[in-house]
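Let me begin by presenting the structure, written as structure tokens, before commenting on it.
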Amino acid sequence: MKTIGLVKEPEFETRVCLLPKEASLLIKQLSLEVLIEEGYAKHLGISDSAYVDAGVKMQSRAEVLSTADTLLTINEIEGFTPGEEQRVLIGIFNMLFYPERTEKYLGKNTTVYSLDLLPRTTLAQSMDVLSSMASIAGYRAVLKAAGYYENSFPMFTTAAGTLTPAKVLVLGAGVAGLQAIATARRLGAVVEAFDVRSSTKEEVRSLGAKFVEVEGAQEAKDAGGYAIAQSEEFLKKQKELIHDRARNANIVICTANIPGKKAPLLLAKATVDAMNPGSVIVDMAAEQGGNCEVTEAGKTITYNELTVVGDSHLAREVSQAASQLLSANYFNFLKYLVQSTKEEDLLLDKSRVIGNGVITNPLLTDKPERV
Amino acid sequence: MKTIGLVKEPEFETRVCLLPKEASLLIKQLSLEVLIEEGYAKHLGISDSAYVDAGVKMQSRAEVLSTADTLLTINEIEGFTPGEEQRVLIGIFNMLFYPERTEKYLGKNTTVYSLDLLPRTTLAQSMDVLSSMASIAGYRAVLKAAGYYENSFPMFTTAAGTLTPAKVLVLGAGVAGLQAIATARRLGAVVEAFDVRSSTKEEVRSLGAKFVEVEGAQEAKDAGGYAIAQSEEFLKKQKELIHDRARNANIVICTANIPGKKAPLLLAKATVDAMNPGSVIVDMAAEQGGNCEVTEAGKTITYNELTVVGDSHLAREVSQAASQLLSANYFNFLKYLVQSTKEEDLLLDKSRVIGNGVITNPLLTDKPERV
Amino acid sequence: MNVLVDVGYLIATVSFLGGLKFMSSPKSARLGNSVAAIGMILAVLCTFIALKTQTVPTTNIIVIAVAIVLGTVIGKLMADKVEMTAMPQLISLFNGAGGGCAVLLGVVEAKQQGIGDPNIGMQLLLLLGLVTGAVAASGSAIAYGKLAGKTKDNKGAAVVFGSRILLGLILLLPLLYFVGLLPISFESTAYALAIIALVYGVVFVLPIGGADMPVVISLLNSITGIATALAGFVYGNKAMISGGIFVGAAGILLTLLMCKAMNRSLIKVLAGKFKKTKASADTEVQNIKEITVSETAMQLSFASKIAIIPGYGLAVAQAQHLCGQLQQLLAKRETQVDFIIHPVAGRMPGHMNVLLAEANIDYEHLKEMDEVNSDMAHYDTVLIIGANDVVNPAAENNPDSPIFGMPIVKAYQSKQVVVMKRGMSKGYAGVSNDLFGMDNCSLLFGDAKDSLQNIINQLKLI
Amino acid sequence: MNVLVDVGYLIATVSFLGGLKFMSSPKSARLGNSVAAIGMILAVLCTFIALKTQTVPTTNIIVIAVAIVLGTVIGKLMADKVEMTAMPQLISLFNGAGGGCAVLLGVVEAKQQGIGDPNIGMQLLLLLGLVTGAVAASGSAIAYGKLAGKTKDNKGAAVVFGSRILLGLILLLPLLYFVGLLPISFESTAYALAIIALVYGVVFVLPIGGADMPVVISLLNSITGIATALAGFVYGNKAMISGGIFVGAAGILLTLLMCKAMNRSLIKVLAGKFKKTKASADTEVQNIKEITVSETAMQLSFASKIAIIPGYGLAVAQAQHLCGQLQQLLAKRETQVDFIIHPVAGRMPGHMNVLLAEANIDYEHLKEMDEVNSDMAHYDTVLIIGANDVVNPAAENNPDSPIFGMPIVKAYQSKQVVVMKRGMSKGYAGVSNDLFGMDNCSLLFGDAKDSLQNIINQLKLI
Amino acid sequence: MEFIHNNLEIIYFVIFCVFIGIEVIANVPAILHTPLMSGANAISGIIMVGAVIMISQVPPTNYVTLALGGIAVFFGALNISGGFFVTGRMLKMFNTKK
Amino acid sequence: MEFIHNNLEIIYFVIFCVFIGIEVIANVPAILHTPLMSGANAISGIIMVGAVIMISQVPPTNYVTLALGGIAVFFGALNISGGFFVTGRMLKMFNTKK
Ligand SMILES: NC(=O)c1ccc[n+]([C@@H]2O[C@H](COP(=O)([O-])OP(=O)(O)OC[C@H]3O[C@@H](n4cnc5c(N)ncnc54)[C@H](OP(=O)(O)O)[C@@H]3O)[C@@H](O)[C@H]2O)c1
Ligand SMILES: NC(=O)c1ccc[n+]([C@@H]2O[C@H](COP(=O)([O-])OP(=O)(O)OC[C@H]3O[C@@H](n4cnc5c(N)ncnc54)[C@H](OP(=O)(O)O)[C@@H]3O)[C@@H](O)[C@H]2O)c1
Ligand SMILES: NC(=O)c1ccc[n+]([C@@H]2O[C@H](COP(=O)([O-])OP(=O)(O)OC[C@H]3O[C@@H](n4cnc5c(N)ncnc54)[C@H](O)[C@@H]3O)[C@@H](O)[C@H]2O)c1
Ligand SMILES: NC(=O)c1ccc[n+]([C@@H]2O[C@H](COP(=O)([O-])OP(=O)(O)OC[C@H]3O[C@@H](n4cnc5c(N)ncnc54)[C@H](O)[C@@H]3O)[C@@H](O)[C@H]2O)c1
């Protein structure tokens, strides 16, 4: 690994995965050569000269693609076909969900790392693109919802009456969900959250929000592990509860996901129909099928006087911040990769999808068909 | 005053000035008849039947305009020409700034109240449309800015580095400005504010923000009344200071206004040129000429990699909340008008622009030409 | 027999001590009172036992018994009947009684002393006891009169000057007597001194402001204690000595503490100098009542339903976090605390919402004005933190006021109102506030942040 | 002459009293120490004056003088040389010396007593003094050994059983002697008792855990006080009686207060039952040091540069407002307080930012980990509030740890570390934390909100 | 000097009493100032003991003195009983809650 | 009983001393526990006075007793001097700030 190459991302992508600061670190700390396509980050207001100042060589797309032995990218590289030469490709390919994306690399001497597969351990956090993007997306989701919501988020007691605070329901309290909770609370909304993992209960409360849970003895009994052993009755109760809380809410932020699987359906059409006009649903699980039945991935629709945003890439709307974090994540990963000496390295093994043209990741070999 | 009439607002207006709740109060408490054009608030998700349930008669536009002796509206009514009959027109006409708007009512037996002229006293607050709209607009301005800002508002310390908090500069700390301060602070930004009225200093600090003031002895001497007696040197220093603070800021919210006059110019082109790329300016004084030199009223432009929003009607984007407050304001005003018994009533005298076809408001008679 | 008496007195002494000790913690205060009372009963019993060894004429016994029964019964009746607000007077009255007892004792004893051969030490103690008792007696009576509103302040030069002369006389007379320059008997000297001291007590208290009476009562109480101790020396009675000294010493410290709590110096209190309220700058004279932090804390601790009305001053003081803390603290004691938000409180719509949200106060504790206004009488205490215009009853009942017609939070209807502000400056509307002069309203001056912090500190001690 | 001595002793008594009183407020504590010391010098001087009236042989005088000079100089030297952390040992040693003095005194006096005609009261006092002194002396010596790490805990049945038997003997022996059933002289009885009591002191302290030593020292100190008072009775010396009783009574209360502050009962301390830390469930045995709230407050009050490292526990406890209050309080004392935010503290990126912003903590007080990590040694105290993984040095020095390689806040490099957590449960990564076992680290157990509130309360008193 | 020597006991006694009196009050919360004052006032009623002793020494025929003494005892009793009862009532307020 | 009567003074004295000892400590902030313990320890060194008195009564030829007494005085002096000095040092820490 000597020459790192980056080419422009596809049109829809606003983020970049290497900023001048980290580029210069790659060059200085890791003694790598960095080649970048001209005009790479112009849309972010970062000129080519900023990269040149950092020691990067700016070249044409074709040059970069042919010269670099390691390619960094966020999305699949348009017009790139792996050849016979030893190549490393690092990106966020979500191949667990799109197994067809692996095909073109098979048998090609190419090694592919997909950063979304990094284990979610404490050690890997500095390279964890899912965390950093989810975090920004969660923040953005609330701003987005507030933008569509034609009423006020905080309470306003005024001489002309009181505007009630918005009621926000967050489904899924992972990184994105927690950030959404925090942002909505900051804006003065009344926030409730739901998740199947019982450990999130404390986490939700630690942000001052209410955790929605099925009441009664059931809960206590199953506490600690009901994500696994959910009885039929329990599931039904849970569903009713979500229906009920959603009906009451003005904003629903959906973030529930199951890695590599279709996202769980939490807001059935009937529930959406029962919601107040003017309410807003932001479904961040849209790409994985959505938590809401009416979501259309990548689109913002009006359904029944409700606004339903289906967007799994909200971080793209905060492109500066997102690029900053991505750039750090990629740099940390590269550094780890270069400095790794161990034979079997958990982080690398997990994030490697294809090793020299062979699928090495058991997650993909075991169940290649989409679930 | 017996029959109140309302017709649909022009296309660009999203708010309405009477909601079913207050309509019913007008009918029950004040024994008035209320006529409303069909489909009046449909765009807000409020059906005609909701008004009918409140006791309103839904009629065609022509019928309403010909029957009602009192017309409530936000903007000038399209296609309405005052006739010889006794009529009262209540709206928010901003006639101080657009004196030409008075012309068609002169000599016509029409009485026109413009609620923007209500005095800003404690007593009038429940009818004070400027306050309620400014308040919502101030809140919205920050959300809007956050929407355009491609970086994060709050500070985020993450494994991939720290995102610094946005620096927000609020110019003008009236109602809108204070609300903007509060909202930006809630979102975790670092907020500074500037105003010429010295009493705002305490108000700004009471919201936890920093007041930008010219340092040195000058300040202490002039404290308490420098809005009037500003020395040349002082003004220069002040200008430099704003330039300096704006250069440092990521978001500038402009709310400075002088009632009935052109808005003060606070951000010269040179200052805007010096600002960081990616910054956002929201100029709420756009309609009155703007606080920023590059603002274009009613438009959102990109200037030098900066986003400049020129919008004096941000409340329209929070139409539900705005309508709720407006409706209460109009109701309170009508109630006051109906119940008023005094010969000389400060509130009514000040808000009345034209009394039976004659300009009665001294502010307009004294200086009819635009300043 | 004598042993029993000795032990009894010892136990009485210890129980006074324990009683006082217990009384200084709110939790054990009632126990303390009982302990001290039991000690007192014991002391009296011991006295009777001691008397048994002598032969006391029946008449005397009867007189004693009747007097004790009468005193006890009347004392109990008075204590039962008194209203909460009249308690300070009553304490003053009782203290006066104690002083009266000391004078009479001195007078009678002086007569006895006059008979036997003179013992200068004894005589000195006697005269001292007499004087202190007399000052306490008449001073307490005047203090009672003032508190009951029957006596007016008098700071006339005559009074002040007279008091100096009398004090001089009190010091001079015994001196002259003992060096033998006074050609009258000890008895007469004692009588004269008693009368002078009685008058002195009157002129001593007369110039002192009504608001300072509690301090004065405490001081007089301390003086009674000293008189008691002196009498104790005369009779060689340990219980009297220790009880008297406890009260004397405790009383003096208490007096100083009370001055400190009122932020006054004892000297100024005694000189009758009244603290200038910042109100005095105002042209309109409003009869306002100040309240101390501890009284406020006491009120809050008694209340079971409290309303907090925040205003612009809370924002200025940036005391929202403390406000939240106070609410939590009170909630822990099962006090209901509602926040009533007036629509125009603060300087922008929603100003108070921002503050209270920052302090993490649940929306459920926020009440709207309209919701509670019909119900204000149910609040035991309303705490107004830096609000002014929004609670000004002028908006309801003064048609000339510029804010007439504006809806207000009807704080004035509640049982007790405490207003926290820094001085007497007006609110945004620039009108003076009639609420401040009302009977159920007291003002707690100071920055809201400091005041809240102090209230919280005090509440924590309870 | 005698009058002078009386007055001197009186003043000494009063100065002990005043000294103790002053010592109980941080502001006047040093003055208190000086006052008590002066009182002590006075008492010694008075004793010499009193001796002057008798004819004391010169040899004796010389012995006395030499002993005093030697003791004083050595005491001063030891006090000067001792390190801060070794102070408790030293106090224990000094206390042992006091106890030793009492035993020797008892032994010698027993000899004298044996000569004259027996006075049962005197003998009883003597024996009591002897026993208490002996227990204090040997107990203190053992306590010293434990604190200095020279003696190990011994809870063996032999020790525990032995201690009961010895106690029985101590009670029995004098009883037997006085009823005349013991066929040995008073002197011998005294010697026997002294030896038994010395042994008892050893077995009394032996089983008690090292962490409980301060409590034990306080108790032994109190016992020395009693021994002193008893000796005072023997010599009819008021200064000794009062000084001894003051110390005895104060010491007992202090012992109880210390137990309370450590959240233990005296009985359990004495039985050598060690509080079960929740750690005990752990298989790995970590040698952790607990710290009390007051010690934490003391550390904070001494420090001039403090770092607070917040973690997930702060969020769980929702103690952010208190955290802000603590910072304000310390800032008022001109202590620099930095918040160090680890990038992955909490459960989501920016978790700590949300908390600290809510508590209104200025961004300028927030430091990034990288910014301060090279500088950690400059912090006098680092307060870790509910953080765990992010300060675990295993990430740096244990290649087998699952978090090896993660950057951490190098809290362990600072002078003192206090970790606030509820028990010994692990952090998110599920690994045990080596920091907790380090020398400069102490753990303050309890919910962060409660602990912070208590620290704040204590700090306010200073 | 001689005086001190002779009355050493009583001097210790007085000093201790003063100290205790002060010490007991020193840390009292301001809220208790009034009840405490009231309680102390009641204790100072111990003066009645003096009055009782005095009256018992008066010849029963000396009506004036007897009357004066009687009044003194009455005053003392009033102070004691009123004092304790009123303190009790005041303190009862503290127990209305919790 | 007789005993109480005879020693009334001393009983008052003891009770008061105990009370004062306790009272003085009662409200001490926990931070001062250690210095206070140390200070109290120093005060208990007053036992040395006893040792001095004792030694002064010993015949100068009784070497053993004299030696024992000397050691006792030495111990007492050590307790006093060490106690006060170490307390002083400990308390000095409080004044490093403000
Ligand atoms: N809400 C709105 O939208 C809006 C907008 C503009 C104007 N207003 C007007 O503002 C007023 C609001 O009423 P309000 O009752 O909230 O406020 P206010 O009437 O202005 O009274 C505020 C009070 O707070 C006290 N204060 C100031 N700083 C303090 C501190 N640090 N500590 C303690 N007290 C402090 C002041 O008295 P001292 O100086 O004596 O302490 C003052 O009396 C109304 O007249 C309203 O019409 C409202
Ligand atoms: N920041 C992120 O984005 C993110 C996301 C997911 C996971 N993580 C992981 O979370 C961890 C964060 O580290 P951390 O040091 O902040 O937390 P941590 O290692 O999880 O430790 C939290 C500590 O707080 C204590 N605690 C819990 N509740 C408490 C209370 N009420 N009062 C006092 N103490 C309490 C717990 O101990 P007791 O139970 O004994 O009290 C625990 O040891 C890292 O491992 C990180 O990788 C971070
Ligand atoms: N190492 C670290 O310190 C670190 C860093 C970041 C994240 N994490 C952990 O990674 C995990 C996943 O984080 P993520 O946000 O990327 O997860 P994700 O995006 O995969 O899922 C989001 C949330 O949806 C929830 N969910 C799944 N099915 C659901 C259902 N049927 N109903 C409701 N909720 C449902 C999940 O429990 C999860 O909390 C979390 O445990 C997080 O703590 C760890
Ligand atoms: N009666 C009430 O209680 C009540 C209610 C609402 C508002 N008000 C008062 O009405 C007044 C105006 O409020 P508004 O928000 O509608 O005002 P506005 O919209 O007219 O002006 C906004 C702000 O711009 C400021 N400004 C003007 N020239 C400036 C310059 N050159 N540089 C910087 N700032 C400049 C003004 O001082 C004002 O604060 C305020 O005093 C407000 O307190 C009173």
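Naming: A, B, ... by sequence-line order, numbering from 1 per chain. Quantities reported herein were computed from a predicted structural model and do not represent experimental measurements.
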Between [options], which residue shows the highest count of heavy-atom pairs closer than 4.5 Å to chain E?
options	result
C:A43, C:S34, C:A97	C:A97
C:S92, C:C101, C:G99	C:C101
C:T13, C:N95, C:V234, C:T59	C:N95
C:M40, C:K21, C:M78, C:K238	C:M40
C:G133, C:A50, C:G75, C:G71	C:G71
C:V66, C:D80, C:I252	C:D80

Look at [options] and state which one has the largest set of heavy-atom pairs under 4.5 Å with chain C.
options	answer
E:L78, E:I80, E:V52	E:L78
E:A72, E:G88, E:G69, E:G83	E:A72
E:T87, E:L66, E:I46	E:I46
E:T61, E:I43, E:N62, E:V64	E:I43

How long is the gap from [atom1] on [X] to [atom2] on [Y], to the nearest 0.5 Å?
X	Y	atom1	atom2	answer
C:L20	E:E23	CG	CD	12.5 Å
C:F94	E:S44	CZ	OG	12.0 Å
C:T47	E:M48	OG1	CE	7.5 Å
E:L91	C:R30	CG	CZ	7.5 Å
C:I91	E:N41	CD1	CG	7.0 Å
E:L68	C:L105	CG	CG	11.0 Å

Item to complete: Start with the C-alpha distance between C:F233 and E:I10, add both sets of side-chain angles, then the distance that settles side-chain contact (heavy atoms from CB on, under 4.5 Å), and finish with yes or no.
Response: CA-CA 10 Å; C:F233 287 126; E:I10 210 84; 4.0 Å; yes
Looking at every non-hydrogen atom in both residues, tell me the closest pair between [X] and [Y] and how far apart they are.
X	Y	value
C:K76	E:S81	N-OG, 3.2 Å
C:A249	E:V18	CB-O, 3.5 Å
C:I68	E:A77	O-CB, 3.6 Å
C:S24	E:L36	N-CD1, 4.3 Å
C:V63	E:G70	CG1-CA, 3.6 Å
C:A79	E:V86	CB-N, 3.6 Å

Okay, side chain of [X], backbone of [Y]: is any donor-acceptor separation there less than 3.5 Å?
X	Y	answer
C:N60	E:V58	yes
C:N33	E:F84	yes
C:N221	E:M37	yes

Side chain, backbone, both or neither: which part of [X] has a heavy atom under 4.5 Å from chain C?
X	answer
E:F13	side chain
E:I71	both
E:A42	backbone

Practice prompt. Take atom CZ of C:F22 as the centre, draw a 6.0 Å sphere, and report whether it contains more than 12 heavy atoms from other residues, nucleotides or ligands.
Written response: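 At most 12 heavy atoms, drawn from other residues, nucleotides or ligands, come within 6.0 Å of this atom.
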Heavy-atom cut-off 4.5 Å, strictly under: side chain, backbone, both or neither for [X] against chain E?
X	result
C:A37	both
C:A137	neither
C:Y235	side chain
C:Y9	side chain
C:K81	backbone

I'd like to check [X] versus [Y] (side-chain heavy atoms, cut-off strictly below 4.5 Å). Are they in contact?
X	Y	answer
E:H33	C:L257	yes
C:I74	E:F74	yes
C:V82	E:F85	no

